[in-house]
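Please read the structure below before turning to the comments.
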Amino acid sequence: MAVKKELESSTNSGEARTVVSTNTYRQQEEAMSTVTATSPAVGSFCIPRSRGRINMPRFTMTVRSSNAVSAGVAPIMTKLKHDCATPLPLLRHVADAMAADMRAGLAVDGGSDLKMILSYVDTLPTGNEKGLFYALDLGGTNFRVLRVQLGGKEERVIATEFDQVSIPQELMFGTSEELFDFIASGLAKFAEKEGGKFHLPPGRKREIGFTFSFPVRQTSIDSGILIKWTKGFAVSGTAGRDVVACLNEAMDRQGLDMRVSALVNDTVGTLAGARYWDDDVMVAVILGTGTNACYVERMNAIPKLQGHVSPSGRTIVNTEWGAFSNGLPLTVFDKDMDAASINPGEQIFEKTISGMYLGEIVRRVLLKMAAEGALFGESVPEKLSTPFVLRTPDLSAMQQDNSDDLNVVGSILYNIAGVESNLSARKIVLEVCDTIVMRGGRLAGAGIVGILQKMEEDSTGLIFGKRTVVAMDGGLYEHYPQYKRYLKDAVKEILGLEKSKNVVIEHTKDGSGIGASLLAASNSKYEHDF
Ligand code: BGC
């Protein structure tokens with residue numbers, strides 16, 4: 001019987017909320033979904049909640065009487081669709097290029113856009129892990145702290161508790177010290193709530209699995225140098241430093257005596273978490289604010305290995321596929337958005353397919369249609385000129401509108417961009433959303449096929465000869481049904497029915513948090529009997 005108790009009930013930005021659950025993994029999913037937090041920049045993907053923030057005017061707003069939109073919109077739409085098209089040959093090319101870039105990145109550091117980072121995770125969870133472990137998760141709009149009680153094969157995940165806080169915007173642009181102090185103080189507050197419940201043997205520190213979802217050059221399982229920030233973070237003083245050292249220093253400042261025993265990317269945490277329940281998991285993909293994928297690789301397929309030995313003969317490789325750029329169908333809107341970003345020329349795949357950017361691409365298209373095609377009447381709505389004002393969860397909420405007059409679309413446009421729209425304009429807005437989302441989902445699908453293809457080429461039968469699971473996580477995948485469908489359809493289209501039959505694309509909610517604690521357990525520096 002699941003016992004779920006909410007200790008605090010605030011969901012305000014910057015305030016933590018603790019959820020305790022004593023349950024099975026599946027029941028725990030339910031508990032996780034009770035917490036939400038949003039960032040002003042990109043937002044969460046909880047559609048029902050995002051509707052809550054919309055002041056639905058329904059019939060109180062003036063709907064422009066004419067249903068016609070200017071003829072100037074049509075050529076923009078035609079060109080957009082042309083430039084975003086993802087026919088099968090293009091998808092095949094993307095999949096092949098992804099596989100080729102993976103090989104080049106495995107051959108030598110800097111060999112391709114794909115960094116192909118060694119995770120130092122050489123053994124995957126077995127189910128025997130036991131004890132009390134913490135996990136820290138920093139990677140997007142939210143920061144999370146978890147406490148997990150693992151009970152071994154019989155009891156599995158006995159209990160989990162977590163706090164979630166949205167990262168204040170200013171910290172994304174502040175100093176490294178400020179950001180890590182914020183994390184360490186969140187961890188300290190959460191650790192205090194443990195009370196006297198658990199007793200560790202004398203001299204033993206509490207151990208943490210640290211999920212840090214940015215490109216890190218791992219130097220061991222518990223250390224790694226930040227290569228660069230992504231997803232809109234521009235914190236000074238962290239790039240080039242060991243992020244575990246940054247956290248340790250901040251924990252010292254808090255007087256907190258805990259130890260990081262595993263530093264992992266969110267994809268790696270997801271793969272480990274999913275593998276705990278299912279031995280067929282070979283690949284993990286995150287599609288949220290940012291995007292990335294990792295997979296299980298054979299050591300003898302990694303020429304750039306320098307002396308690193310894995311007893312299992314395998315390791316997890318973090319591809320950092322967000323940096324992929326080969327053969328992507330890009331529009332002028334993508335190019336302008338990239339040029340205006342804080343990392344121009346970087347993370348092009350991420351900027352084409354991930355949640356941080358889809359809303360912004362659509363906003364740019366609508367702005368042009370408003371300016372050159374009078375989409376919303378004679379004047380251009382002022383708010384539509386604000387970068388990132390339209391968020392991907394808004395697109396998803398609009399695309400779920402099945403009403404005859406598309407009143408949700410109208411309300412969102414009114415609330416977000418201050419525009420009054422007629423039915424034709426709303427239909428056009430939906431067509432733009434669909435075009436951008438279809439391109440994103442299909443390209444993500446092609447990326448997945450690229451990874452599977454590479455693995456199959458190296459060991460025939462490894463992937464398509466048996467059931468293979470791709471573990472998926474991230475708000476975009478979870479909360480955007482159209483995106484998910486486009487992704488799955490593209491995988492089927494490229495692989496064909498026969499091969500795709502064996503490929504299971506499965507959502508693993510919060511695999512990454514549990515996964516990080518499992519990896520903290522299996523990499524514990526203390527004696528363990530599992
Ligand atoms: C980061 C990856 C991360 C992904 C998903 C990307 O921006 O570079 O390390 O896994 O986002 O969170």
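Computed from a predicted model, the values in this text were never measured in an experiment. Just so you know, ligand 1 is whichever comes first in the structure, and atom 1 is the first atom listed for that ligand.
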Exercise. Residues two or more places apart in sequence or in another chain: which of them pass side chain to side chain donor-acceptor pair (under 3.5 Å) with D83?
Worked result: K79
Exercise. Would D163 and R147 pass as an ion pair if we require N to O under 4.0 Å?
Worked result: no
For this session: Just jot down the side chain to side chain donor-acceptor pair (under 3.5 Å) partners of E249, sequence neighbours excluded, or say none.
Result: R241
For this session: Mind jotting down which residue pairs meet the salt bridge (Lys or Arg N to Asp or Glu O under 4.0 Å) criterion with at least one end in residues 307-328? Sequence neighbours excluded, please.
Result: none
For this session: Please work out which of the three classes, parallel, tilted or perpendicular, describes the rings of F212 and F180, given edges at 30° and 60°.
Result: parallel
For this session: Could you walk me through whether F233 and F214 pass the ring pair (Phe, Tyr, Trp, His ring centres under 6.0 Å) test, one step at a time?
Result: CA-CA 10 Å; F233 278 69; F214 299 93; 5.0 Å; yes
For this session: Compile the protein residues with any heavy atom at a distance under 4.0 Å from an atom of ligand 1; present them by chain, then by number.
Result: S213, F214, P215, T230, K231, N265, D266, I286, G290, T291, N292, E320, Q347, E350
